[in-house]
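So the structure is just underneath, and the comments pick up after that.
Counting starts at 1 for both ligands and their atoms, following the listed order. Note that these values count all heavy atoms, side chains included, but never hydrogens, waters or copies made by symmetry.
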Amino acid sequence: MERSAGIPAVKARLAGARAVTVLTGAGISADSGVPTFRGAEGLWRNHRAEDLATPEAFARDPRLVWEWYNWRRELIATKIPNAAHHALVELERRVERFWLITQNVDGLHPDAGSRKLSEIHGNIWKVRCTQCGQVHANREVPLPLLPRCPACDELLRPHIVWFGESLDPDDLDRSVAAVGSCEVLLIIGTSGIVYPAASFASLARQAGAFVVEINLDPTPNSPVVDVALGGRAAEVVPGLL
Ligand code: BJW
Ligand code: ZN
């Protein structure tokens, strides 16, 4: 697989495409200074993200999990979208049928101006009641521990999809439809190991799409895609438009 020689082919495909779908992961926000999950900075007080982002961890120690989210909210609050986020807003404007699927919870895509998107793992700036299920937008940093529902006074949790939890069925349906019906799928900055997003590359290939990966390193998606471009998202993605 080519790691850079495919750029002209990708540009040509994108320029002629009427249906483009994009899948993004933590790598696109790394260029804004948001730590990735599985990089060296993915640790917090010696806890791995995988051990904190579960319903079991929250049931056991909601304070610990909320402290982690407060730390991340504080960090993300200072970050702004980069050239790759902005390029995807431009792509949304140019392409007739466009859909952006992000695994990121940082809200940088909507902040940049993306509108046709599914945040399939939720959003760190939303909270949800563990009792009545109401979702509220909330940008307070830090949140008081433990935060309580304004409607019923029960415990709030982050509006985020943790390991072992199901994705919102509407988000999933819309994403699978967008992946299965696009002409070009761009996969940007994801390690390609968390399902169901990890299956989108093969799904798109099976449906006949031209699939492009943009990542610093090879991933399990790399052997599946048509072109794998090595490099930083903030440099490579704007160069494709
Ligand atoms: C750059 C860069 C730069 C760096 N430029 N690139 C089928 C098979 C096996 C297991 C399962 C399965 N189906 C479901 C599961 C279980 C589980 C799962 O997938 N486990 C795997 C680990 C094996 N999935 C689930 O539980 C999902 N639920 C589900 O499917 O429900 C039904 C079901 C349940 C149980 C069993 C079976 C079915 C839900 C998954 C929710 C994931 N949520 C998280 C946590 C959110 C917490 C939070 O943010 O607060 O979402 S996990 C974490 O990983 C986060 C991310 O969105 C997600 C993906 O990570 P991502 O974005 O790929 O980041 P990294 O850090 O891994 O990679 C960064 C990449 O960028 C790297 O490749 C770098 O090289 C690159 N990079 N800088 C370009 N500048
Ligand atoms: Zn409530």
Checking L185 against V22 for the side chain to side chain contact (heavy atoms under 4.5 Å, CB included) test, could you report, in this order, the C-alpha distance in whole Å, the side-chain angles of both residues, the deciding distance, and whether it holds?
CA-CA 6 Å; L185 174 67; V22 181; 5.9 Å; no
Report the C-alpha separation of D226 and R13 in whole Å, then their side-chain angles, then the decisive distance to 0.1 Å, and conclude whether the salt bridge (Lys or Arg N to Asp or Glu O under 4.0 Å) test is met.
CA-CA 11 Å; D226 291 282; R13 291 282 186 153; over 6 Å; no
Go through E119 and H109 one step at a time and tell me if the side chain to side chain contact (heavy atoms under 4.5 Å, CB included) criterion holds.
CA-CA 9 Å; E119 294 178 296; H109 284 302; 5.8 Å; no
Apply salt bridge (Lys or Arg N to Asp or Glu O under 4.0 Å) to the pair E90 and R94, showing each step before the final yes or no.
CA-CA 6 Å; E90 178 59 26; R94 286 191 202 175; 3.0 Å; yes
Which is it for T219 and T190 under the side chain to side chain contact (heavy atoms under 4.5 Å, CB included) test, yes or no, and what are the steps along the way?
CA-CA 8 Å; T219 74; T190 175; over 6 Å; no
Would you check, one step at a time, whether the test side chain to side chain contact (heavy atoms under 4.5 Å, CB included) holds for L241 with L14?
CA-CA 8 Å; L241 301 192; L14 269 182; 4.3 Å; yes
Take D153 and R148, measure what salt bridge (Lys or Arg N to Asp or Glu O under 4.0 Å) needs, and give me the verdict at the end.
CA-CA 5 Å; D153 205 39; R148 299 263 151 198; 5.2 Å; no
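Protein heavy atoms all stay at least 4.0 Å away from atom 33 (C) of ligand 1. Within the 4.0 Å cut-off (strictly below), no protein heavy atom is located near atom 36 (C) of ligand 1. Put simply, atom 16 (C) of ligand 1 has no protein non-hydrogen atoms near it, under 4.0 Å away.
When the heavy atoms of N221, D217, D31, V194 are ranked by distance to atom 58 (C) of ligand 1, first place goes to V194. The closest heavy-atom contact to atom 4 (C) of ligand 1, among the options G25, G27, G192, A233, comes from G27. Looking at V237, L23, T190, V105, it is T190 that brings a heavy atom closest to atom 63 (O) of ligand 1. Residue nearest to atom 26 (O) of ligand 1, selected from A53, P196, G230, G164: G164 (by heavy-atom distance). In the candidate list E165, E119, R38, Q103, E165 is nearest to atom 28 (N) of ligand 1, counting heavy atoms. Of all the listed residues (L167, L229, I160), I160 holds the heavy atom that lies closest to atom 46 (C) of ligand 1. Across the listed options V236, T36, N215, N215 owns the non-hydrogen atom lying nearest to atom 72 (C) of ligand 1. Relative to atom 8 (C) of ligand 1, the option among Y195, Y69, F163, W162 with the closest non-hydrogen atom is Y195.
With values rounded to the nearest 0.5 angstrom, I80 atom CD1 is found 7.0 Å from S32 atom OG.
Looking only at heavy atoms of the protein, atom 51 (O) of ligand 1 is closest to H121 ND1, 3.1 Å. The shortest contact between atom 41 (C) of ligand 1 and any protein heavy atom is with V161 O, 3.3 Å. Taking atom 6 (N) of ligand 1 as the reference point, the nearest protein heavy-atom neighbour is L216 N, 3.5 Å. In terms of protein heavy-atom proximity, atom 22 (C) of ligand 1 is closest to I193 O, 3.8 Å. For atom 48 (C) of ligand 1, the nearest non-hydrogen atom of the protein is R72 NH1, 3.2 Å.
Seen from the Zn ion (ligand 2), atom SG on C152 and atom SG on C149 lie at an angle near 110° (rounded to 10 degrees). Note: angle at the Zn ion (ligand 2), from SG of C132 to SG of C129, is 110° (rounded to 10 degrees).
Under the 6.0 Å distance and 45° angle rule, R97 does not count as a cation-pi partner of W99.
In this structure, V135 is not a member of the same hydrophobic cluster as V127, with clusters built from ILVMFWY side-chain heavy atoms closer than 4.5 Å. Under the 4.5 Å side-chain heavy-atom criterion for grouping Ile, Leu, Val, Met, Phe, Trp and Tyr, V194 is not connected to L167 through any hydrophobic cluster.
The contact set between ligand 1 and A30, taken as ligand atoms under 4.0 Å from a residue heavy atom, comprises 78 (N). Close contacts of ligand 1 with G189, meaning ligand atoms under 4.0 Å from a residue heavy atom, involve 6 (N), 69 (C), 70 (C), 71 (O). Near G231, meaning under 4.0 Å from one of its heavy atoms, ligand 1 places the atoms 5 (N), 79 (C). Listed by atom number, the atoms of ligand 1 under 4.0 Å from A26 heavy atoms are 61 (P), 62 (O), 64 (O).
Between Y69 and W162, the ring planes are tilted. Angles from 30° to 60° get that label.
Paired with T24 under the rule side chain to side chain contact (heavy atoms under 4.5 Å, CB included), one option of L186, L88, L108 passes, and it is L88.
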